[in-house]
Amino acid sequence: MVGWFSKLIVATTVRMPRWFVRWVSRRYVAGASLDEAVAVMKRLTNEGACFTIDVLGEEISSMDEATFFLEEYIRVMNAIQEHGFDANLSIKPTAFGLLIDPEAGMKNIRKLVQMAAKEDMFVRLDMEDHRVTTQTIDVVLALHSEGLTNVGTVLQGRLFRTLADIDALETALGPAADYRICKGIYLEPEDISFTGYRDIVDATNAAIDRMFAAGAYVGVASHDLPVIDHTLSALSSYKMGPGIDDPRPNAGPQRHHKGPGYEFQLLLGVRGPLRRRLLNEGHRTRVYIPYGEKWYEYSIRRLKENPTIGTQVAKAFLMPWTNRP
Ligand code: FAD
């Protein structure tokens, strides 16, 4: 249930001047340009983190915009090579045109994944709202069937369909399935998703269990201790962990630039002490680095989509000890 405080924050922030929103979002967005994202990654590389890079922008209105995203991601790939970052790409399928022209969108995504494959780089399809869940999964299935296995998607614990999606992906891809599992940022209708905090945590943890049992690669994207702790105990029950070859009999081979069957993923600027703790314990820890000219639209849209973020951001500023970058 979204409280009055969250609503107040949303109402206030969307009326704030751009400079103020920029000031608040500096912590969560690497900057407007690729150079700024590179600077952030250089700093965090020194802490031992690896990355996934997101060029900000989602649903587009013309295929020209999709071309912009394709070209920008090619620049990102070149920058990763040039600086030797341990990084992969996160893309929004709708920014590549999947909703306005599915065939052309697929062509754009395929081109990027093919180029990434030549560089031995992984491409993650971020999961957007429920309108594109099936389409996004279908893109991954189609690319794998074409021999492009350096691509995987995100599943959202809050959706009722997620366990069935894991089973279907296991049947189609076996141990080549490579997931990011998160709670899901979009507040979806209650006929297709859990809406209460505890139900969402339980469903996310159940999805994590199902992924581990299927032998898949599991990227756990959460800052929430009940999810992190659940993952840590699942790891220990499978005798998985830092520096140990994945012992699951149904697991695929060790993947390049990946952890031993799993990794943790956190957003830039969120719960730094937790990220550093996981790193110090030896876990592979990936930071999601969003950057781009569309930082303002991204910040406001995310806030409107999920007003509880407003509370979290406000807490991070008013009570910084609860959420250091
Ligand atoms: P919460 O209970 O929301 O957060 C736990 C604590 O973390 C909060 O109390 C707060 O202290 C802190 N916190 C969390 N988020 C923030 C924030 N934004 N600002 C400040 N503090 C915060 N969702 C999708 O739908 N599709 C995706 O493709 C997707 N990709 C993601 C990739 C990564 C690497 C991560 C970490 C998340 C991604 N998400 C995605 C978002 C995810 O679904 C959740 O909405 C988000 O992570 C918040 O859930 P939580 O598990 O961290 O738990």
Side-chain angles (χ1 to χ4, degrees), residues 2-3 6 9-10 13 24-29 44 49-54 56 58 87-95 123-133 136-137 140 152-159 162 179-188 193-205 207-208 218-231 263-275 278 284-290 298-303 305-325:
V2 176
S6 304
I9 301 245
V10 175
T13 309
V24 171
S25 68
R26 276 177 74 90
R27 171 193 175 125
Y28 306 104
V29 175
L44 292 178
C50 60
F51 311 100
T52 187
I53 306 169
D54 167 47
L56 292 175
E58 12 217 304
N88 61 38
L89 310 176
S90 280
I91 69 169
K92 298 257 179 323
T94 61
V123 180
R124 175 75 60 200
L125 304 193
D126 282 352
M127 188 54 86
E128 300 170 81
D129 66 74
H130 70 275
R131 289 171 306 158
V132 284
T133 312
T136 304
I137 292 171
V140 171
T153 192
V154 179
L155 294 181
Q156 297 153 325
R158 72 168 65 229
L159 291 188
T162 291
Y179 300 105
R180 175 191 300 153
I181 171 72
C182 60
K183 289 180 183 170
I185 194 159
Y186 305 91
L187 299 183
E188 300 287 11
S193 75
F194 296 102
T195 52
Y197 169 78
R198 195 62 242 178
D199 288 341
I200 293 172
V201 168
D202 290 345
T204 304
N205 288 342
I208 290 170
V218 190
V220 176
S222 175
H223 318 91
D224 202 17
L225 288 179
V227 175
I228 304 277
D229 289 342
H230 181 86
T231 306
E263 63 185 41
F264 289 100
Q265 303 183 354
L266 293 94
L267 299 174
L268 179 68
V270 178
R271 293 217 151 160
L274 171 64
R275 178 172 57 77
L278 292 168
R284 192 169 178 83
T285 307
R286 192 176 298 282
V287 185
Y288 188 95
I289 309 274
Y298 169 83
S299 310
I300 295 295
R301 186 168 164 166
R302 281 294 146 99
L303 202 56
E305 265 159 10
N306 189 344
T308 57
I309 293 174
T311 321
Q312 292 170 358
V313 172
K315 235 175 87 192
F317 279 85
L318 299 174
M319 298 187 284
W321 57 92
T322 62
N323 186 9
R324 295 199 182 87

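All ligand and atom numbering here is 1-based and tracks the order in the structure. For clarity, every value in this text was computed on a predicted model and none was experimentally measured.
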Say you draw a straight line from SG of Cys50 to CD of Glu263; how long is it, rounded to the nearest 0.5 Å? 5.5 Å
Which atoms of ligand 1 are found less than 4.0 Å from any heavy atom of Tyr186? 25 (O)
Val227 heavy atom under 4.0 Å from ligand 1: no
Do Thr195 and Arg158 meet the criterion of a side-chain donor-acceptor pair at a distance under 3.5 Å? no
Shortest heavy-atom approach to atom 53 (O) of ligand 1 - which of Glu188, Lys183, His223: Lys183
My understanding is that we take every heavy atom of each candidate and find the minimum distance to atom 28 (O) of ligand 1. Doing that for Lys92, Arg286, Met127, which one comes out nearest? Met127
Search all heavy atoms of Ser222 against all heavy atoms of Ile228 and return the closest pair with its distance. O-CD1, 3.3 Å
What are the atoms of ligand 1, with element, lying closer than 4.0 Å to any heavy atom of Asp126? 28 (O)
Any idea which part of Val154 is under 4.0 Å from ligand 1, heavy-atom wise: side chain, backbone, both or neither? side chain
Do Gln156 and ligand 1 have an N or O pair less than 3.5 Å apart? yes
Gly219 backbone acceptor or donor facing Arg180 side chain under 3.5 Å: no
Determine whether a donor-acceptor pair (N or O, by modelled atom type, separation under 3.5 Å) exists between the side chain of His223 and the backbone of Leu267. yes
With sequence neighbours left out, write down each residue that passes salt bridge (charged side-chain N to carboxylate O under 4.0 Å, His left out) with Asp229, or none if nothing qualifies. none
Can you list the residues that meet the salt bridge (charged side-chain N to carboxylate O under 4.0 Å, His left out) rule with Asp199, with sequence neighbours excluded? none
Distance col, row Phe194:CZ vs Gln156:CD, nearest 0.5 angstrom, shows 13.5 Å
Checking the N or O distance criterion of under 3.5 Å, is ligand 1 in contact with Ile185? yes
Under 4.0 Å from any heavy atom of Ser222, which atoms of ligand 1 are there? 50 (P), 51 (O), 52 (O)
Among Arg180, Gln265, Glu128, the residue with a heavy atom nearest to atom 31 (C) of ligand 1 is Arg180
Classify the contact between Val270 and ligand 1 as side chain, backbone, both or neither, using a heavy-atom distance cut-off of under 4.0 Å. side chain
